[in-house]
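Notes for the one structure printed next.
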Amino acid sequence: MPEATERPVRVRYAPSPTGDPHVGNIRQAIWSWLYARHTGGQFYVRLEDTDQSRSVPGSLERILESLRWLGIDWDEGPDIGGPYGPYTQSERLPLYREAADRLLAGDYAYRCFCTTEELAAMRERQKAEGTLPGYWGVCRDLDAGVVAERAQRGDPHVVRFKMPREGTTTFNDLLRGDITVENRTLDDMVILKSDQFPTYALAHPVDDHAMQTSHVTRGEEWLPSAPRHVRIWDALGYPRPTFVHMPVILGADGGKLSKRHGAKFVLEYAEEGYLPDALFNFLTILGWALDDHTEIFSHERLIEVFELNDISVNPATFDQQKLEWMNGVYVREHTPEDELAEMFARRLERELPPDVPRPIDRSLVEEFAPLIRERVRLLSEVTDLVDFFFQPEVTPPPAEIFLQKRWKDDAEGAASALDEAAKALDRLDDTGEWAHEAIEAVLRDLADRLELKPGDLFTLCRLAVTGKRITPPLFETMDIVGVGPTVERLRNAASMLRETASAGAR
RNA sequence: GCCCCCAUCGUCUAGUGGCCCAGGACACCACCCUUUCAAGGUGGGGACGGGGGUUCAAUUCCCCCUGGGGGCACCA
């Protein structure tokens, strides 16, 4: 919680353009955004593209698209600019160079000419000997004249920060309190690479200071290097920001959620039929809680109550089943009817077989939407549940599906029951009462007359009319399918059963 | 190997010294409702990792152990 005397809240999402953001990563963006909105501060996006070799073209667009899909907006960013721009690190190179020069001049940093081979050998030796890993090389104490000469000659080199060798370093993490480490464990990390690009260790303080970031929110994997970062902030003369190291998310296998450990891209969830609000809600409460009972939150409510302090520090396991449950809650309780129909329609438009004419019938979708919303957890389940509404004819399932329980070995009985149903419904139509209540009455009456358990008759009808065992409620379904197709499908199924029976008899 | 962080049901969590023989949610099981499938309802099993302290009193505070996670690049 910022006190009145503190700076206004400015937080950021600072991804690298190395591909699509996945859920582990995006939760940090959600929490940061929530905090900015909660405090009335700003949220901005900054692209950390200082490693040219790892850059994946198109990443930025995918990143922004992921944010947009989740309903996260930004006040400043690479696409829209802002008062502290540019928001792409590769466009800010002179700033880093200048900072590095300043550190060099103040004897806070030095040029290092060690080659990658030498460094690799050093690491190997440390590993073999079990000594403290890190750069404890000779360049730190190189003679000033030699350095000047080699630099002059154009020898490739990097700039390293000179960490203190004695004493301790303490910094504060909002969620964990003070953390202190021995300086002898801090090695001299590279801040400017030989290609003149900065490393994160330099770009981060330079930008977060220049962009007035109040809270440095980042993943817990940065915790071990935070003491070194803090030293650089201090050397640069920048007041330290508030550090918030957010816990990592664990995959089902117990490892940090990443592509190797089952992480999925945000947009993959869209593809698989998750609703953005459901994913947003789920991710927010994964590792954060308001109280002992609230699980479902609107964005507005979250903005109202979200506090960084309530984030729990232990890593949470991503629970796919709970996400699915929550998506179901959103489908049936937290999405307006028309929006839901729109989502169903978009899905069907894509997934229905090509012989179904496009655009698909929207009013039809609106009719059955209320029937299926409580039996759909993921949008991807929709097509399989309702495709028969769009097909002029339905192929009945094989006879053995019909001939179960009451109908075992009684194809003729089943066929005649279907014919009776067709007849009764056809008659119902003549009276002009084609509505689900009337359909139900007629079929219940028929079951009674045939001395059948209602369920035994309904099951036959369901299979005949929809071609499936699992369907929306039967009478409403028949109502929507219409009397013509309904009667026809019942008769088709009946004759199919008789044909199969006689074929089997022969 | 070294450094850092963490530790309540299978999972996510509530709990900040007595309200807790620990509450909620997902998942699981049973029953109810029922035209299938869902949804819904009711009930059930299920946790404070271990050992030392501190205290009249520890899930809550301290230490050790154990366990889990993270990090040790001219990557972020």
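Quick caveat, the model's predicted, so the values are computed rather than measured. Labels below follow one simple rule: chain letters A, B, ... track the order of the sequence lines, proteins then strands, and each chain is numbered from 1.
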note = Comparing A:I285 with A:P15, nearest RNA chain B nucleotide closer to 5' gives the residue A:I285
request  = Ignoring backbone atoms, establish whether A:T50 has a side-chain N or O less than 4.0 Å from OP1 or OP2 of B:A76.
outcome  = yes
inquiry  = Need the pair for B:G67. Rule: Watson-Crick or G-U wobble, both distances under 3.5 Å, any strand; none if unpaired.
reply    = B:C6
ask   = Can you find a side chain N or O atom of A:R160 that sits less than 4.0 Å from OP1 or OP2 on B:C74?
value = yes
request  = Compute whether any side-chain donor of one residue and acceptor of the other, for A:R218 and A:Y200, lie under 3.5 angstrom apart.
outcome  = yes
query = According to the Watson-Crick and G-U wobble definitions, with both distances under 3.5 Å, which nucleotide is paired to B:U59?
reply = none
ask   = Between B:C4, B:U13, B:C37, which nucleotide has the shortest distance from any of its atoms to the side chain of A:I470?
value = B:C37
inquiry  = Would you say the ring centers of A:H157 and A:F113 fall short of 6.0 Å from each other?
reply    = yes
ask   = How about A:F368 and A:F388: are their ring centres within less than 6.0 Å of each other?
value = no
query = Is the phosphate of B:U35, meaning OP1 or OP2, less than 4.0 Å from a side-chain N or O of A:T459?
reply = no
inquiry  = Any strand counts, and the cut-off is 3.5 Å on both contacts for Watson-Crick or G-U wobble. Which nucleotide pairs with B:A47?
reply    = none
ask   = So does A:K127 get a side-chain nitrogen or oxygen closer than 4.0 Å to the phosphate oxygens (OP1/OP2) of B:A73?
value = no
message = Does A:Y135, at its OH atom, have more than 12 non-hydrogen atoms belonging to other residues, nucleotides or ligands within less than 6.0 Å?
response = yes
task = Please determine, for B:U42, whether a Watson-Crick or G-U wobble partner exists with both distances under 3.5 Å, and give it or none.
result = B:A30
task = Specify the residue among A:V329 and A:R54 whose closest nucleotide of RNA chain B lies further upstream toward the 5′ end.
result = A:V329
Interatomic distance at P, B:A22 relative to B:C29, whole Å = 25 Å
